[in-house]
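Here is how names work: the chains are called A, B, and so on, in the same order as the sequence lines, proteins then strands, and each is numbered from 1. Since we're looking at a predicted model, the values are computed, not measured.
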2 protein chains.
Amino acid sequence: MSFGALLQNVSKHIELTAIEQELFTTFLTEKKLEKGAIVLEQGGICNAIHFVNEGILRAYFLSEEGKETTVMFAISDWWITDMHAFTTHKKSLLTIQALEKSSILSLSKANFDKLLIEIPKLERFFRILMQNAYIREQLRGLDNLSLPAKQKYAIFMEKYPSIAKLLTQKQIASYLGITPEFLSIIRADS
Amino acid sequence: MSFGALLQNVSKHIELTAIEQELFTTFLTEKKLEKGAIVLEQGGICNAIHFVNEGILRAYFLSEEGKETTVMFAISDWWITDMHAFTTHKKSLLTIQALEKSSILSLSKANFDKLLIEIPKLERFFRILMQNAYIREQLRGLDNLSLPAKQKYAIFMEKYPSIAKLLTQKQIASYLGITPEFLSIIRADS
DNA sequence: TAACACAAATAATGTAGTTTAAGAAATTCA
DNA sequence: TGAATTTCTTAAACTACATTATTTGTGTTA
């Protein structure tokens, strides 16, 4: 079990004692994922939030018409879940899948709630995490509404080069909200 | 000074003692806003987060080409700020303006930081606030990428009827990321 | 080595949404 | 109140992007 990356992730924002660190790790479950493995299925129950130790995951929504929209990617040191389903216990809107062989640490909803009671300091940690996630989504939403596809593509490539190089163009297109064909055109004439 | 609505807003998620409530309110500044008043100017410094007691505010981005994109509206019982600028101290991307005569309680960044140290319980409150904001933005972003304008309009009207009835169609269009002309067409044929 | 599945490029055609412009209706304000 | 300003509607021309189809490339498995 490798909790080093997670503990370092936490220590960016708060300080835990050795005992608290130990306690935190007992709440986690390590999972090894093969390429293509499904972590959460759309329509299912989302009962955990995941920290990525290694590899890359994608969270996407599949519409009734069969169109995929990528909500987020997560690589090492990122947290990922369907936060709406995790919080409300409603059916998940998103599927979360490993794009490559990956390793994650899962924190169940029950353990998440317990953990915050046992180590109240972690409220601060997750407050900062949620605040940063909110900021990211707000800025992305603004870009999506105010910019043409070409600029959205340029911004994505500049902001997340390490993620982009692991992705197919089809996956990038589904994150930008355009078709792979149109992304191909954008790339050709730039 | 009317802090009732704010204290009730806080008590939805955590319990404060009378002393803590008192302390909280001393950190706040009440502001009365006339219709059209600017609370934060794009390019300026965002040094507060605001709780809306009464009225309605709008946060929007103005592009170099002169196109306005509304990032959020806030009515009574909502919190509003440019969270990115508030957190990073960078220049604000957004302008926040009162659409009607309004009353807000402002919590400065310095007081926000102090408050979280003096009443650590509030970390939980703001964690929940940020988490809900994150969820809202993620769902809105998904709608924006996966749905045509007509459905986005229908969803907005259904989700926020009390806000919608206070807005002009131009303001609604700028929230949906479409032109007022096209919104007019959508409304005509539905 | 072929056969397969999938990723990417290209091109023709179709459509959702924009732009521009003009007139009518509603609000603002002196 | 009346004039000025802004909002809303309608319509024609235009553009960004989608759809459909075909082709080429590429790594995988038989």
Side-chain angles (χ1 to χ4, degrees), chain A residues 34-37 56 58 60-70 73 97-101 141 143-157 163-190, chain B residues 33-38 55-56 58 60-70 73 95 97-102 141-157 163-190:
Chain A
E34 288 307 310
K35 177 173 180 170
I56 176 165
R58 178 172 79 110
Y60 65 92
F61 169 75
L62 180 62
S63 75
E64 291 177 4
E65 301 84 41
K67 178 179 164 187
E68 275 185 17
T69 304
T70 295
F73 300 106
Q97 183 179 34
L99 296 183
E100 301 294 344
K101 193 172 174 179
D143 285 348
N144 280 336
L145 290 181
S146 64
L147 300 175
K150 191 166 180 170
Q151 289 184 56
K152 284 159 57 176
Y153 172 68
I155 288 173
F156 177 71
M157 297 306 281
I163 293 180
K165 71 164 179 277
L166 300 172
L167 303 174
T168 64
Q169 292 182 201
K170 195 181 164 190
Q171 289 161 349
I172 294 175
S174 84
Y175 180 86
L176 300 177
I178 61 177
T179 59
E181 291 84 352
F182 191 59
L183 178 53
S184 201
I185 292 171
I186 285 174
R187 284 165 47 88
D189 72 29
S190 63
Chain B
L33 305 170
E34 288 307 310
K35 178 170 181 172
I38 301 292
I56 176 164
R58 177 171 81 110
Y60 65 92
F61 169 75
L62 180 62
S63 76
E64 290 177 5
E65 301 85 40
K67 178 179 164 187
E68 276 185 15
T69 303
T70 295
F73 299 106
T95 293
Q97 183 180 32
L99 296 184
E100 301 293 346
K101 194 171 175 180
S102 304
L142 180 53
D143 285 349
N144 279 337
L145 289 181
S146 64
L147 300 175
K150 191 167 180 172
Q151 290 185 53
K152 285 159 56 178
Y153 172 67
I155 288 173
F156 176 70
M157 297 305 283
I163 294 180
K165 71 165 179 276
L166 300 173
L167 303 174
T168 64
Q169 291 181 201
K170 194 181 165 191
Q171 290 161 348
I172 294 175
S174 84
Y175 181 86
L176 299 176
I178 61 177
T179 59
E181 292 84 354
F182 190 58
L183 177 53
S184 200
I185 292 170
I186 285 175
R187 284 165 47 88
D189 73 28
S190 63

What integer distance in Å separates [X]:[atom1] from [N]:[atom2]?
X      : N      : atom1 : atom2 : value
B/L183 : C/dA16 : CG    : P     : 16 Å
B/L99  : D/dT6  : CG    : C1'   : 15 Å
A/Q151 : D/dC17 : CD    : C1'   : 15 Å
B/F182 : D/dT10 : CZ    : P     : 14 Å
B/I172 : C/dG17 : CD1   : P     : 17 Å
B/Q171 : C/dT27 : CD    : P     : 13 Å
B/L167 : C/dT27 : CG    : C1'   : 16 Å
B/L166 : C/dT27 : CG    : P     : 14 Å

Identify which nucleotide among [options] has an atom closest to any side-chain atom of [X], counting heavy atoms from C-beta outward.
X      : options                : value
A/E181 : C/dA8, D/dA21, D/dT7   : D/dA21
B/T179 : D/dT19, C/dT18, C/dT10 : C/dT18
B/I178 : C/dT18, D/dA21, D/dA16 : C/dT18
B/Q169 : C/dA8, D/dT9, C/dA16   : D/dT9
A/K170 : C/dA7, C/dG17, C/dT10  : C/dA7
A/A149 : D/dC17, D/dT10, C/dG17 : D/dC17

Notebook entry, point to check: Closest nucleotide of DNA chain C for A/R187 versus for B/G177: which of these residues is on the 5' side?
Noted result: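 Its nucleotide being nearer the 5' end, the pick is A/R187.
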Notebook entry, point to check: When the nearest nucleotide of DNA chain C is assigned to A/I185 and to B/I186 on a heavy-atom basis, which residue is associated with the more 5' position?
Noted result: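 Whichever sits nearer the 5' end wins; that is A/I185.
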Next item on the list: Determine, stepwise, if the pair B/S63 / B/E65 fulfils side chain to side chain donor-acceptor pair (under 3.5 Å).
Entry: CA-CA 5 Å; B/S63 76; B/E65 301 85 40; 3.3 Å; yes
Margin query: Under a 3.5 Å threshold, yes or no: a donor from one side chain and an acceptor from the other, between B/R58 and B/Y175?
Written below: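 There is no such pair (donor and acceptor under 3.5 Å, judged by atom type) between the side chains of B/R58 and B/Y175.
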Next item on the list: Check every strand shown and say whether A/S184 touches a base, only sugar-phosphate, or nothing at a heavy-atom separation below 4.0 Å.
Entry: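 Answer is base: heavy atoms of A/S184 come under 4.0 Å of a base.
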Check: Side-chain N or O of B/K67 less than 4.0 angstrom from OP1 or OP2 on C/dT18?
Finding: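 No, B/K67 has no side-chain N/O under 4.0 Å of OP1/OP2 on C/dT18.
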Answer whether the closest heavy-atom distance between the side chains of [X] and [Y] falls below 4.5 Å.
X      : Y      : value
B/Q171 : B/Y60  : no
B/T168 : B/L99  : no
A/I172 : A/L183 : yes

